[in-house]
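Being a predicted model, the structure only gives us computed values, none of them experimental. All values below come from the heavy atoms of this structure, side chains included, with hydrogens, waters and symmetry mates left out.
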There are 2 protein chains.
Amino acid sequence: MKFEPVTIKDIAKALNLSKSTVSRALRDSYEISSETKEIVVAYAKSVNYRPNPIALNLKERRSRTIGIVVSEIANSFFSQIINGIESIAKENDYNVIITQTLESYEREIEVIHNLAQSVDGLLISLSSETKDIAHIQLLHDRGMPIVFFDRIIESIEAHKVISDDYKGAYSATTHLLENGYKKIAFIGNTPNLSIIKHRKEGYLAALQKAGIKPKESYIKYCEHGGMYYEEVEEIINQLFKLKDRPDAVFSCSDKITTNCFRYFNANNIILPDDIALIGFSNLDLTGFMKPSLSIIKQQAFEIGVKAAELLIKQIESKRPVYEYSKIVLDPELFIRDSTQKRKNTQ
Amino acid sequence: MKFEPVTIKDIAKALNLSKSTVSRALRDSYEISSETKEIVVAYAKSVNYRPNPIALNLKERRSRTIGIVVSEIANSFFSQIINGIESIAKENDYNVIITQTLESYEREIEVIHNLAQSVDGLLISLSSETKDIAHIQLLHDRGMPIVFFDRIIESIEAHKVISDDYKGAYSATTHLLENGYKKIAFIGNTPNLSIIKHRKEGYLAALQKAGIKPKESYIKYCEHGGMYYEEVEEIINQLFKLKDRPDAVFSCSDKITTNCFRYFNANNIILPDDIALIGFSNLDLTGFMKPSLSIIKQQAFEIGVKAAELLIKQIESKRPVYEYSKIVLDPELFIRDSTQKRKNTQ
DNA sequence: CTGAAAGCGCTAACAA
DNA sequence: TTGTTAGCGCTTTCAG
């Protein structure tokens with residue numbers, strides 16, 4: 001069954017006017033007599049006329065739609081970002097199409113291709129698997145407005161909105177050190193991701209400051225960004241097989257953090273006595289877990305807001321943009337029970 | 001700056017052919033010589049030609065897009081449903097536009113209006129505030145394919161996909177009763193919602209079966225569906241002021257459930273000793289909370305799959321659909337610590 | 001086998 | 001003040 005909306009043509013026919021008169025009347029053009037306007041508007045309302053946005057898009061060669069590419073919607077960090085984006089999009093009368101890569105490079109290529117022709121601009125956070133960025137570079141070169149957030153591409157000149165990952169990692173690691181944990185493992189998504197590079201740098205810097213030599217065997221990555229429990233399981237198994245088993249884990253993503261938690265729970269490893277755990281996460285519930293989880297929380301909503309603002313500004317700018325901004329937001333450390341040895345509990 | 005994709009016209013000009021020949025060649029029409037085809041296809045590829053989907057949409061009077069209306073993306077139940085929908089949409093080459101009402105009637109009207117013209121069909125779960133359904137009825141009457149899921153409208157004839165809410169509520173309440181809780185409070189979103197009606201019936205039936213007379217004062221609703229912590233706070237305060245204070249809470253939504261948890265936590269009310277808590281939730285982390293939360297979990301992904309399948313089938317059906325299916329999926333009860341008195345711990 | 005032209009719904013330059 | 005026409009990118013009769 002077909003949904004057949006009423007068109008300007010229908011109205012014109014019904015009222016014995018031309019399409020253009022109707023169009024102008026509806027847009028309240030100065031060249032239409034007020035009587036005609038009234039008639040048209042009244043009739044349009046009575047038949048519940050709505051302009052066909054597709055026709056408008058074709059005409060104006062724009063869609064008033066922005067595309068979002070994230071790794072997973074069902075991830076509090078990204079869904080909060082999306083909320084931020086939506087609030088700005090709504091304000092500026094843009095629609096939003098959300099796509100998820102599920103951390104897969106293949107899917108990223110596919111969704112970006114699909115989006116490419118139907119949006120006015122793109123808000124992208126890379127998938128964990130992505131190493132080659134040709135598919136994005138191409139679009140960018142052809143003038144598609146793109147703003148990167150969170151997992152950005154350093155080599156492409158564009159607006160970027162990120163957290164201060166270095167600082168977040170540095171303070172989390174320092175917190176662990178101050179609480180007596182010296183053998184700190186680092187679990188990241190994949191080394192190609194900008195955020196992971198910076199987080200690793202922060203982690204290393206904190207160790208160095210404390211005079212601790214980093215161990216290669218403590219630094220681990222998840223091929224699929226921690227999407228699958230098995231990846232994380234495998235990594236922790238490896239860590240636990242080491243002669244000098246780590247006494248703390250610093251994790252780089254929500255998914256990895258909660259998967260670590262699951263592992264410890266399933267294997268009767270007690271936090272924070274057997275091992276400490278801190279990680280990037282934007283999940284509200286982490287405060288209610290057993291034990292409550294120390295986290296580094298990002299200003300997700302704000303990231304979305306800033307990214308959307310920059311993108312819309314760029315889309316609507318008359319001339320090409322040459323000056324790009326890089327907005328860096330501070331993450332916040334929440335110190336809870338999973339990183340404080342019982343005796344030290346404050 | 002503008003993103004200017006190459007069009008069929010460009011190719012035609014470059015190759016000294018007509019638009020129609022190019023179009024046909026690209027669609028591999030039988031009436032085009034294989035040489036011409038080769039030339040065109042090769043050239044198109046070399047310039048990275050992509051058909052303009054907007055033009056196609058206008059032509060075909062369809063958008064290959066389905067619209068989703070949920071109350072909140074950042075809600076595990078809905079994001080899992082969305083994943084289910086997306087998987088089917090992708091298979092069938094449909095795009096998806098996700099919108100959220102944030103439980104507001106106003107927003108629901110707005111997003112549905114926006115969607116109405118740009119999608120081929122709608123997947124709707126009502127907002128908690130919605131009582132009047134004229135905005136949806138109108139679309140439906142005009143032939144827009146709509147499938148309802150979760151919070152459905154009984155009075156509209158359409159495909160519907162839901163959980164067996166009655167059963168979920170019945171078994172959760174029965175579980176509480178069997179564990180010695182007799183004074184069970186019921187907290188729902190709003191009484192106008194189909195799911196809440198059924199859950200209340202299940203709750204009442206379980207009480208009756210156990211020979212317990214329900215108390216009006218134990219049955220509470222959240223005007224905004226539990227979106228705001230304050231609503232839930234207010235309700236629990238009311239419950240706790242009763243002479244005969246409840247010893248258990250049965251909650252009807254993820255948001256309410258976690259907000260109850262927050263309240264208890266903040267006010268040093270110990271679960272399950274001071275009070276028991278069970279609720280509908282699809283959050284994985286509930287199993288790791290302190291105490292671990294008993295929940296009724298719905299087959300969210302499956303709901304999305306079924307709803308999307310029905311919708312796409314309806315969109316693509318040649319003739320009007322008169323037979324509507326109502327798919328009912330069983331929820332699953334997860335019994336954990338928040339509803340089992342310490343002595344009873346298994 | 002290929003091209004010209006119409007049309008999807010809308011706007012806007014140009015006529016009247 | 002209103003109508004005619006062309007055109008956005010594409011497909012598809014209808015002619016050649």
Side-chain angles (χ1 to χ4, degrees), chain A residues 2-41 43-44 47-65 93 114 116-120 142 144, chain B residues 2-41 43-44 47-65 93 114 116-120 142 144:
Chain A
K2 270 285 183 35
F3 176 63
E4 292 292 358
V6 17
T7 74
I8 272 194
K9 197 171 157 193
D10 300 329
I11 300 182
K13 200 179 296 169
L15 262 36
N16 246 313
L17 289 168
S18 74
K19 288 192 319 179
S20 36
T21 304
V22 174
S23 169
R24 277 186 278 241
L26 290 172
R27 338 197 77 240
D28 200 24
S29 158
Y30 65 98
E31 22 182 23
I32 302 291
S33 74
S34 45
E35 305 125 58
T36 313
K37 268 186 203 168
E38 268 178 42
I39 299 177
V40 172
V41 169
Y43 183 78
V47 296
N48 222 289
Y49 168 78
R50 307 265 151 194
N52 179 331
I54 297 176
L56 277 174
N57 292 344
L58 181 60
K59 181 101 193 93
E60 319 224 318
R61 288 140 100 236
R62 60 179 303 181
S63 56
R64 283 204 94 76
T65 299
D93 223 33
N114 286 341
Q117 301 277 319
S118 38
V119 301
D120 296 340
R142 291 216 267 149
M144 169 69 81
Chain B
K2 271 283 184 37
F3 175 63
E4 292 291 359
V6 15
T7 73
I8 272 195
K9 198 172 157 192
D10 300 330
I11 299 181
K13 201 179 295 169
L15 261 38
N16 246 313
L17 290 167
S18 73
K19 288 193 316 179
S20 31
T21 304
V22 174
S23 169
R24 279 186 277 243
L26 290 173
R27 336 199 79 240
D28 199 25
S29 157
Y30 65 97
E31 22 182 21
I32 301 292
S33 74
S34 45
E35 304 127 58
T36 314
K37 271 186 202 167
E38 268 178 43
I39 300 178
V40 172
V41 169
Y43 183 78
V47 295
N48 221 289
Y49 169 78
R50 306 264 152 195
N52 179 332
I54 297 177
L56 278 176
N57 291 344
L58 182 60
K59 182 97 189 100
E60 319 222 318
R61 291 140 98 235
R62 59 181 304 180
S63 55
R64 284 205 92 77
T65 300
D93 224 33
N114 285 341
Q117 301 277 320
S118 37
V119 300
D120 296 340
R142 290 216 267 149
M144 168 70 82

Nucleic acid contacts of residues 17-29 of chain B, taken as heavy-atom distances under 4.0 Å to DNA chain C: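 The answer is B:Leu17, B:Ser18, B:Ser20, B:Thr21, B:Arg24.
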[X] [atom1] to [N] [atom2], straight-line distance once rounded to whole Å:
{"X": "B:Lys59", "N": "D:dG7", "atom1": "NZ", "atom2": "P", "value": "18 Å"}
{"X": "A:Ile32", "N": "D:dG3", "atom1": "CD1", "atom2": "C1'", "value": "10 Å"}
{"X": "A:Arg62", "N": "D:dG9", "atom1": "CZ", "atom2": "P", "value": "15 Å"}
{"X": "A:Lys9", "N": "D:dT5", "atom1": "NZ", "atom2": "P", "value": "15 Å"}
{"X": "A:Ile39", "N": "D:dT1", "atom1": "CD1", "atom2": "P", "value": "14 Å"}
{"X": "A:Leu58", "N": "D:dT11", "atom1": "CG", "atom2": "C1'", "value": "13 Å"}
{"X": "A:Leu56", "N": "D:dG9", "atom1": "CG", "atom2": "C1'", "value": "15 Å"}

Residue whose closest nucleotide on DNA chain C lies nearer the 5' end, A:Glu31 versus A:Pro51: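 Its nucleotide being nearer the 5' end, the pick is A:Pro51.
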Heavy-atom side-chain contact between A:Asn48 and B:Arg142 under 4.5 Å: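 Yes. Closest side-chain heavy atoms under 4.5 Å.
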Side chain to side chain, A:Lys37 and A:Asp28, heavy atoms closer than 4.5 Å: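 Yes. Closest side-chain heavy atoms under 4.5 Å.
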Relative orientation of the end axes in the helix from C:dC1-D:dG16 to C:dA16-D:dT1, expressed as an angle to the nearest 10° (five pairs per end):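 End-to-end axis angle for the helix from C:dC1-D:dG16 to C:dA16-D:dT1: 60°, rounded to 10°.
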CD1-OG distance between B:Ile32 and B:Ser23, expressed to the nearest 0.5 angstrom: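 So the CD1 of B:Ile32 and the OG of B:Ser23 are separated by 9.0 Å.
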Inter-residue atom distance A:Leu58.CG - B:Asn57.CG, 0.5 Å rounding: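 The CG atom of A:Leu58 sits 9.5 Å away from the CG atom of B:Asn57.
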Side-chain N,O (A:Lys37) to OP1/OP2 (D:dT1) below 4.0 Å: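 So the side-chain polar atoms of A:Lys37 never come under 4.0 Å of the phosphate oxygens OP1 or OP2 of D:dT1.
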Any A:Thr36 side-chain N or O less than 4.0 Å from OP1/OP2 of D:dT2: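 The answer is yes; a side-chain N or O of A:Thr36 sits under 4.0 Å from OP1 or OP2.
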Sole candidate of B:Val22, B:Leu17, B:Leu15, B:Ile11 that passes side chain to side chain contact (heavy atoms under 4.5 Å, CB included) when paired with B:Ile39: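 It is B:Leu15; the other options fail the test.
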Boundaries of the chain B footprint along DNA chain C (any atom under 4.0 Å from a heavy atom):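 Answer, 5' to 3': C:dC1 to C:dG9.
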Looking only at heavy atoms, which two atoms of [X] and [Y] are closest? And how far apart?
{"X": "B:Asp120", "Y": "B:Arg62", "result": "OD1-CA, 3.4 Å"}
{"X": "B:Ala44", "Y": "B:Leu26", "result": "CB-CD2, 3.8 Å"}
{"X": "B:Met144", "Y": "B:Val119", "result": "CE-O, 3.9 Å"}
{"X": "A:Tyr49", "Y": "A:Val6", "result": "CD1-O, 3.3 Å"}
{"X": "B:Ser118", "Y": "B:Thr65", "result": "O-CB, 3.9 Å"}
{"X": "A:Glu31", "Y": "A:Ser29", "result": "CG-OG, 2.8 Å"}

